[in-house]
Amino acid sequence: RMDETTAVWFHSPITKLQNGTSCDNLHRSRENQYWVWSTLEAPPLSNIPCARHFNVSMSFARGADIPFVYNAYQPRRNASAPSPAPLRSQKTHFALWIVSDCKTLSGREKLAQLMLKQMQIDVHGQCARHFGQRSPPNVTKDDQRSHLALRTLARRYLFYLAFENN
């Protein structure tokens, strides 16, 4: 029950206002209740509806009231690391980039073009053709078979490239 909670947590981009609900209709149940806006997206993609209603922010941004990180590194229980030789012998290709957002705010596609001139990078996904490559049809859809095909494909590569959209 909203009137008994100390805090209400809203997670973006999942949080959507119901049809017909305006920001003016949103009210805290109690004066000392916290409304927390949290997001894993970078600021250009973090559209905060009704921002004036939130009194706490939770994100990876340095200025967040409650900061958190995507990954946390923890010490290994077993200090001896496995030899990379067997892993390296299974890798038959250099680098893989799977991309479906072809034009981004960050311009990551320009960086990718420069990298492609210097090293062998296989591009798969919806944007492969923008880089003069063809992606197998089974890795361009967002379904269970495609995810399995991508995992199988990725095992062949020493590196997997990941760029933020913005």
Spatial distance of atom [atom1] ([X]) from atom [atom2] ([Y]) [nearest 0.5 Å]:
X      : Y      : atom1 : atom2 : value
Ile98  : Leu161 : CD1   : CG    : 10.0 Å
Leu153 : His93  : CG    : NE2   : 8.0 Å
Asp122 : Tyr160 : CG    : OH    : 12.5 Å

### Query
Looking at Gln118, Lys117, Met119, which hits side-chain contact (heavy atoms from CB on, under 4.5 Å) with Ile121?
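Testing Ile121 for a side-chain contact (heavy atoms from CB on, under 4.5 Å) against Gln118, Lys117, Met119 leaves exactly one candidate, Met119.
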
Holding to ring-ring contact (aromatic ring centres under 6.0 Å, His included), I want the full list of residues that pass it with [X], two or more places apart in sequence or in another chain.
X      : value
His53  : none
Tyr34  : none
Phe159 : Phe94

Salt bridge (charged side-chain N to carboxylate O under 4.0 Å, His left out) filter on Glu4, not counting sequence neighbours, yields Arg1

*How about Phe131 and Trp97: are their ring centroids closer than 6.0 Å?*
yes

Across all chains, not counting sequence neighbours, the side-chain contact (heavy atoms from CB on, under 4.5 Å) partners of Arg155 are Thr152

- prompt: For Gln33, which residues count as a side-chain contact (heavy atoms from CB on, under 4.5 Å) partner, sequence neighbours excluded?
  reply: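 side-chain contact (heavy atoms from CB on, under 4.5 Å) list for Gln33, sorted by chain: Thr5, Val8, Arg28, Ser29, Arg30, Trp35.
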
Closest non-hydrogen atom pair, [X] against [Y]:
X      : Y      : answer
Ala128 : Val123 : CB-O, 3.4 Å
Lys103 : Glu109 : CA-OE2, 3.9 Å
Gln133 : Leu116 : NE2-CD2, 3.8 Å
His130 : Gln113 : O-NE2, 3.9 Å

- For Lys91, does its backbone N or O pair with a side-chain atom of Arg156 as donor and acceptor, under 3.5 Å? no

message: Would the distance check show the side chain of Asp65 and the main-chain N or O of Ser57 forming a donor-acceptor pair, the cut-off being under 3.5 Å?
response: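 A pair under 3.5 Å: yes.
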
query: Can you check whether Trp9 reaches Ser38 side chain to side chain, under 4.5 Å on heavy atoms?
result: yes

* Asked: Arg108 and Asp101: side chain to side chain contact (heavy atoms under 4.5 Å, CB included), yes or no, with the steps?
  -> CA-CA 10 Å; Arg108 68 176 180 195; Asp101 191 354; 3.4 Å; yes

